[in-house]
Enquirer: 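Here it is, the structure, as structure tokens.
The analysis underlying the following values was restricted to heavy atoms, covering all of them including side chains, and did not include hydrogens, waters or symmetry mates.
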Amino acid sequence: EVQLVESGGGFVQAGGSLRLSCAASGFTFDDYTIGWLRQAPGKEREGVSCIKNSDGSTYYADSVKGRFTISSDNAQNTVYLQMNSLKPEDTAVYYCATLGPPYYPGSYYLLPGSYDYWGQGTQVTVSS
């Protein structure tokens with residue numbers, strides 16, 4: 001059974017940092033792509049970043065480039081999202097999701113509909 005468990009969300013002031021974790025199990029971690037997506041109140045879910053564990057390549061939405069960093073610990077089957085210089089508009093529920101091969105261009109993984117499995121989400125709130 002595929003399981004994704006997010007943690008690390010919380011409340012932070014603008015300009016602060018948080019690190020989210022996504023602990024994965026139930027699939028061959030090295031073969032899968034893990035994405036972070038978010039949904040703000042009243043808005044559609046959107047892709048934030050992804051990492052292809054097969055080759056380590058990463059991809060970011062323009063809104064978070066230079067501020068967020070995705071990384072993967074393949075030994076721990078865990079993906080991290082380091083979020084720096086947080087802004088109030090980053091406030092959302094953050095989800096990790098996963099999709100196995102075949103592989104697609106990075107932009108594909110920013111589409112919420114691309115994913116097969118989802119975690120339960122973790123709330124991030126950034127105050128101004």
Enquirer: What is the distance from atom OG of Ser128 to atom CD of Gln13, rounded to the nearest 0.5 Å?
Expert: 9.5 Å

Enquirer: Testing the basics here: between Ser17 and Ser85, what is the closest heavy-atom pair and its distance to 0.1 Å?
Expert: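 Minimum heavy-atom contact is OG-N, 4.4 Å.
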
Enquirer: With ring pair (Phe, Tyr, Trp, His ring centres under 6.0 Å) as the rule and sequence neighbours excluded, what pairs involving residues 9-38 come up?
Expert: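 Of all non-adjacent pairs touching residues 9-38, those that pass ring pair (Phe, Tyr, Trp, His ring centres under 6.0 Å) are Phe27-Tyr32.
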
Enquirer: For Cys22, give me all partners under disulfide bond (SG atoms under 2.5 Å apart), at least two apart in sequence or on another chain.
Expert: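 Checked Cys22 against disulfide bond (SG atoms under 2.5 Å apart); matches are Cys96.
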
Enquirer: To the nearest 0.5 Å, what is the distance between CG (Asp30) and CG (Asp55)?
Expert: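 Taking CG in Asp30 and CG in Asp55, the distance rounds to 11.5 Å.
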
Enquirer: Same cluster for Val79 and Val48 if Ile/Leu/Val/Met/Phe/Trp/Tyr side chains link at under 4.5 Å?
Expert: yes

Enquirer: For Val126, does its backbone N or O pair with a side-chain atom of Thr91 as donor and acceptor, under 3.5 Å?
Expert: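 Checked: pair present.
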
Enquirer: Can you list everything that forms a side-chain contact (heavy atoms from CB on, under 4.5 Å) with Asp62? Sequence neighbours excluded, please.
Expert: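 side-chain contact (heavy atoms from CB on, under 4.5 Å) list for Asp62, sorted by chain: Lys65.
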
Enquirer: Between Ser21 and Thr78, which heavy-atom pair has the shortest distance, and what is it?
Expert: CB-CG2, 4.3 Å

Enquirer: Do Leu4 and Leu99 share a hydrophobic cluster, counting only Ile, Leu, Val, Met, Phe, Trp and Tyr and linking them when any side-chain heavy atoms are less than 4.5 Å apart?
Expert: no

Enquirer: State plainly whether one hydrophobic cluster holds both Leu37 and Ile34, where clusters connect Ile, Leu, Val, Met, Phe, Trp and Tyr through side-chain heavy atoms under 4.5 angstrom apart.
Expert: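 Result: no, two separate clusters.
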
Enquirer: Where do Arg38 and Ser63 land on the side-chain contact (heavy atoms from CB on, under 4.5 Å) test, with the steps shown first?
Expert: CA-CA 12 Å; Arg38 66 186 181 186; Ser63 59; 3.6 Å; yes

Enquirer: Going by the ring pair (Phe, Tyr, Trp, His ring centres under 6.0 Å) test, which pairs reach into residues 48-88, not counting sequence neighbours?
Expert: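 Not a single pair qualifies under ring pair (Phe, Tyr, Trp, His ring centres under 6.0 Å).
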
Enquirer: Minimum heavy-atom separation for Ile51 and Ser72, please, with both atom names.
Expert: CD1-CB, 3.7 Å

Enquirer: Between Thr98 and Thr33, is there a donor-acceptor pair closer than 3.5 Å when you use the side chain of the first and the backbone of the second?
Expert: yes

Enquirer: Using a 3.5 Å cut-off and no angle test, enumerate the donor-acceptor pairs between side-chain atoms of residues 105-123 and protein atoms at least two apart in sequence or in another chain.
Expert:
| residue | atom | partner | partner atom | Å |
| --- | --- | --- | --- | --- |
| Tyr109 | OH | Tyr104 | N | 3.0 |
| Ser114 | OG | Tyr108 | O | 2.7 |
| Ser114 | OG | Leu111 | O | 3.2 |
| Tyr115 | OH | Tyr109 | O | 2.6 |
| Gln120 | NE2 | Glu6 | O | 3.3 |
| Gln120 | NE2 | Glu6 | OE1 | 3.4 |
| Thr122 | OG1 | Gly9 | N | 3.2 |
| Gln123 | NE2 | Ala92 | O | 3.4 |
| Gln123 | NE2 | Thr125 | OG1 | 3.3 |

Enquirer: Not counting sequence neighbours, which residues clear side-chain hydrogen bond (donor to acceptor under 3.5 Å, both in side chains) with Gln39? List them please.
Expert: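 Listed in chain order: Arg45.
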
Enquirer: Which pair of heavy atoms, one from Asn74 and one from Asn77, lies closest together, and at what distance?
Expert: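 So the minimum-distance heavy-atom pair works out to O-OD1, 3.0 Å.
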
Enquirer: Group every Ile, Leu, Val, Met, Phe, Trp and Tyr by side-chain heavy-atom contacts under 4.5 Å, then state whether Tyr95 and Ile70 land in the same group.
Expert: no

Enquirer: Decide yes or no on side-chain contact (heavy atoms from CB on, under 4.5 Å) for Asp90 and Arg67, but give the supporting numbers first.
Expert: CA-CA 11 Å; Asp90 294 317; Arg67 300 189 298 123; 2.7 Å; yes

